[in-house]
K.L.:
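Here you go, one structure.
Letters go in sequence order (proteins before strands), and every chain restarts at 1.
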Amino acid sequence: MTHNCIHWFRKGLRLHDNPALVSALRDCKDLYPVFVLDPHLYNSDHMGINRWRFLVGCLHDLDCSLRKLKSRLFVLRGHPEDVFPELFKKWDVTKLTYEYDTEPYSLSRDGKVTELAERHGVEVVYKISHTLYDMDRVIEENNGKAPLTYNRMQAILKSLGPPKKPVPAPTLEDMNEIKTPYTENHEEEYGIPPLGELCEDTAAPGEEKFPGGEEEALRRLDEHMKRTAWVCKFEKPQTSPNSLSPSTTVLSPYVTFGCLSARTFWWRLAGGYQGNKHSSPPVSLHGQLLWREFYYAASVGIPNFNKMVGNPVCTQVDWDSNPELLAAWREARTGFPFIDAIMTQLRQEGWIHHLARHAVACFLTRGDLWINWEEGQKVFEKLLLDGDWALNAGNWLWLSASAFFHQFFRVYSPVAFGKKTDKNGDYINVQQAAGCIVGKDYPQPIVKHEEIHKKNIQRMKLAYAKRSSDAAVSPNKKQGWTTDTATGTAAPPPAATSLMSGQRPGRVQPLTLTSLNSNTALL
DNA sequence: TAGCTGGTTGGGCAA
DNA sequence: ATTGCCCAACCAGCT
């Protein structure tokens, strides 16, 4: 049986380690590589100019690589549930392949598309290759709950064994029996739209420091892997948030869009470690990839993960709503040079160091401005090239001391923290020169840090006191379980409910007896 | 079970 | 320059 097959690119914008694509090529006659500009994801709320530019770079690189396989990329606009039925008919499609994606929107979208595919007699195949591990397996192994500490996560992953090896990219030989039917009008019909057509932002973007695409990703990976000693010695907390050139790899945007496979990255690192003394998780480069797994598992296992209300692991805090302070933070005019320099770099380059993210996130939330971390999350999502749904939410939960991290009395100083690694303020000078907002009219600090951060620690203390008293009244609540006040029966958290009804599109995944028994709330 | 330990990355001061 | 302690005292997971 040979198929007319669509491979649907969403994340996973690469040919290497793409098992779903390999599955498509195995029994394929006509191949249609497709990317859909879904307005739910690709709109001005989610996409700043730098993200748009990165995505366009990825798509051009993908099309270029596909041409080398005598194929092409087909770019379409619209909601996937509208686009695919038309394509199924138009191209007489019999098989659809894609990479599994655990984001809530993706799961519901893929569920709908799978249903439509089945209605059109189209076989659907998906593969896990965005993460090192199968997140549902991780949660199953931890008795149906997401691990809440890195140590616990490590123990679970150890029991699952090392990640799978990446699969090779398709070659011309693999394409011998396969063709992609495209016409002379391909550019007009299915070409990649120019940046100006996609992005409302009229301001000219800055220098493109991190061009998108798989080729660039693999080139950068090679460059870093040449420095074996640096790779082996890498300890994240020792890297600098305000060095003039990045003190880390900046491979995260490439992993986010799937230009670089996390498994390829993992096994290249393993090769570099081989026979050498090297650092270990959580601070090593392997450790960084495991943090990603940690947050992905949390995002799958915890309901309302990117929100405060309805998120069972999130401390409920009476954050202020203050649009003026929020705008000052977002637009790099807080009057704290270190904070404003970081926000300037974020807006200009789309990337800032992890510890710089800590500094500005702490400042926005529990440190100074007392603004809900969800507001910061939105800003980061739009501006960061590596704005990843699970990692962004997880890190904001962490930094605001809402979940995972609870030592809220450890507060970053918006002045002192930067001075540790940049005594002369060189980073601030560079960003002031580059920034369009920070400049001659440098404002006064919008808050008095010394006073307000102590007051805020007390406010956090109150929020935590409320948190533990709530947990004492209703121990089930802490686990995300709700108790029906009328009957007194406990109901599972939404995540477990959706698992029962089959969270993966096209597959029913029953809640196991083990996971039920191990939840003490039921017993 | 209750107590203990560790937690990728704080600041500020003393020695 | 680096280390160690205090500040006040959190949670999750382990024993």
K.L.:
Does a side-chain N or O of A/Lys420 approach OP1 or OP2 of B/dG11 to a distance below 4.0 Å, or not?
P.N.:
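Result: yes.
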K.L.:
If I pick the C1' atom on C/dG13 and the same atom on B/dT1, what distance separates them, to the nearest angstrom?
P.N.:
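To the nearest whole Å, 14 Å.
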K.L.:
Within a 6.0 Å radius of atom CD on A/Glu215, are there more than 12 heavy atoms belonging to other residues, nucleotides or ligands?
P.N.:
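No, the 6.0 Å shell around CD holds no more than 12 heavy atoms from other groups.
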K.L.:
Using the P atom as the reference point in each nucleotide, state the distance between B/dG11 and C/dC11 in Å, no decimals.
P.N.:
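Each nucleotide's P atom is 23 Å from the other's.
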K.L.:
Between A/Ser279 and A/Glu235, does the side-chain hydrogen bond (donor to acceptor under 3.5 Å, both in side chains) criterion hold? Intermediate values first, please.
P.N.:
CA-CA 7 Å; A/Ser279 54; A/Glu235 291 189 359; 5.4 Å; no
K.L.:
Report which part of the nucleic acid A/Phe404 touches: base, sugar-phosphate, or nothing (heavy-atom distance under 4.0 Å, all strands).
P.N.:
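Here A/Phe404 touches no strand at all.
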K.L.:
Within the structure, does a side-chain N or O atom of A/Arg410 lie under 4.0 Å from either OP1 or OP2 of B/dG12?
P.N.:
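No, no such contact exists.
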K.L.:
So if I take every side-chain heavy atom of A/Ala416 and compare against B/dG12, C/dC11, B/dT9, which nucleotide ends up nearest?
P.N.:
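Nearest listed nucleotide: B/dG12.
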K.L.:
Would you indicate which nucleotide in C/dC11, C/dG13, B/dT9 comes nearest to any side-chain atom of A/His354?
P.N.:
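Given the options C/dC11, C/dG13, B/dT9, the side chain of A/His354 is closest to B/dT9.
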K.L.:
Looking at every strand, decide which applies to A/Val411 at a 4.0 Å heavy-atom threshold: base, sugar-phosphate, or nothing.
P.N.:
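Sugar-phosphate, backbone atoms only, no base.
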K.L.:
Tell me yes or no: between the side chains of A/His353 and A/Thr239, is some donor less than 3.5 Å from an acceptor?
P.N.:
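The answer is yes; a qualifying pair exists.
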K.L.:
Using a strict heavy-atom distance below 4.0 Å, which residues from residues 355-368 of chain A are in contact with DNA chain C?
P.N.:
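Nothing qualifies; none.
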K.L.:
Measure from the side-chain heavy atoms of A/Asn151 and tell me the nearest of C/dC10, C/dA9, B/dG6.
P.N.:
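For A/Asn151, the side-chain atoms sit closest to B/dG6.
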K.L.:
Please pick, from B/dT8, C/dG13, C/dA9, the nucleotide with the shortest atom-to-atom distance to any side-chain atom of A/Arg152.
P.N.:
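Closest nucleotide to the A/Arg152 side chain: C/dG13.
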K.L.:
If you measure from the C1' atom in C/dA9 to the same atom in C/dC5, how many Å do you get, rounded?
P.N.:
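It works out to 16 Å between them.
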K.L.:
Within the structure shown, what part of the strands sits under 4.0 Å from A/Gln288 by heavy-atom distance: base, sugar-phosphate, or nothing?
P.N.:
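The residue A/Gln288 makes base contact.
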K.L.:
Measure the distance between the ring centre of A/Trp291 and the centre of the six-membered base ring of B/dT8, then answer whether it is under 5.5 Å with planes under 30°.
P.N.:
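A/Trp291 vs B/dT8: stacking yes.
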K.L.:
Give, for atom CD of A/Glu293 and atom CD of A/Gln288, the distance between the pair rounded to the nearest 0.5 Å.
P.N.:
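Nearest 0.5 Å value for the CD-CD distance: 12.5 Å.
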